[in-house]
Amino acid sequence: MTTKKAQLGRTVSIVGTGSYAPDRILTNAELEKMVDTSDEWIVTRTGIRERHIAAAEQATSDLAAEAARRALADAGVKAEDVGLIVVATITPDMGFPSTGCLVQTLIGAENAFCFDLEAACSGFIFALETAKNYVASGTVETALVIGAEKMSAFVDWKDRNTCVLFGDAAGAAVLQARNAPHGLMASAFGSDGSLGELLMLPAGGSRRPASEQTVKDRLHYLKMAGREVFKHAVNNMVKSSKEAIRRAGLTAHDIDWIIPHQANLRIIDAIADRLSEPREKLVINLDRYGNTSAATITVALDELARSGKLKKGHRILLTAFGGGFTWGASVVEWDK
Ligand code: UT7
């Protein structure tokens, strides 16, 4: 946990962002032909209209590497100057090596140390805080934080409850200590492992290794009790948002932009209502991407930055909820 200024030392800023989504777009109309659903149901229950789907030969590290290249270009930082790569993902290329190590090779960041962080849809904000502390302490000068997912590889395309919700994308942020007054200001996080079964990928790990039976039982696909997850998502994102704002020494009035995890427009609306925040502060792109898990916030942040609407000194609230359960919120002052 951190307070207004990074307690470990230097203040840390986001100095560049980048994002990438595969070319292929899957519309709701196409999904109508695949499962028993309708564009009307998907739009009214979720707000999603289309999502990007990676090509068969593209893995999560490929999406991540492209987002990383774009973020480094935006920051004016060379790959060899990156000291740390953290990839937040629940859809790694493989069990190991980590997607972070694979990205290192793809982008030529030979001086970085690299690892993955798994906190499902909360992964990017957990990774941002983790990398921030490495930079704040002086362990590294430049960190690359990536949220990247190929959800399409783990979605059961026969399950209408879940297959309409997810998409593939990656986003990245470059962190450096810039002696800015605030930078990454404060965060509040939480987890509740006792509710893990409500959102999980049951097989393929050490508990239930892959077998003919697990494949037959479709246990290598994501399972979600949507209505239950919905309720916990709203409560915990609101609670952690309030706490992060308080720890930053701010009030909700001081926040210029809210970037919530993009899972469901009704969840996002409920958060805005419960925080008494106007819709104009919300950054929403799930109509075009669906739920890209750890990538949602970082892709939305990159789009906001590139839109020209984000100004130096603006305060951004990032908040997420995901499998685990995991949740949290971070307040960032934009220093670019
Ligand atoms: O990213 C991590 C966090 N994830 C989330 O935050 C997701 C949270 N949950 C949600 O966004 C929503 O719960 C869903 C979008 C997943 C579902 O919306 P819901 O309003 O909670 O619907 P429901 O699951 O209660 O289902 C309502 C009905 C059911 O039919 P019956 O039992 O009432 O006859 C479902 O079978 O809608 C049916 N249904 C569908 N109908 C058409 C479920 N999926 C579909 C579908 N098309 N794709």
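A quick note: this is a predicted structure, and the numbers were derived from the prediction, not measured. Numbering of residues begins at 1 and proceeds along the displayed sequence. For ligands, and for the atoms within them, numbers begin at 1 and follow the listed sequence.
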Backbone N/O of Ser19 and side chain of Asp302: donor-acceptor pair under 3.5 Å
yes
Give a yes or no on whether Glu197 atom CD has more than 12 heavy-atom contacts from other residues, nucleotides or ligands under 6.0 Å away. no
Might you confirm whether atom CZ of Arg49 has over 12 heavy atoms from other residues, nucleotides or ligands at distances under 6.0 Å?
no
Nearest heavy-atom contact between Asn28 and Glu50 is OD1-N, 4.3 Å
Are Tyr289 and His52 near enough that their ring centres are under 6.0 Å apart? yes
Connected to Met94, directly or through other members, by ILVMFWY side-chain contacts below 4.5 Å are Leu102
Sorted by chain and residue number, the residues with a non-hydrogen atom under 4.0 Å of ligand 1 are Asp36, Thr37, Trp41, Arg45, Thr46, Cys121, Arg160, Asn161, Val164, Leu165, Leu199, Met224, Gly226, Arg227, Val229, Phe230, His261, Ala263, Asn264, Arg266, Ile267, Asn291, Phe321
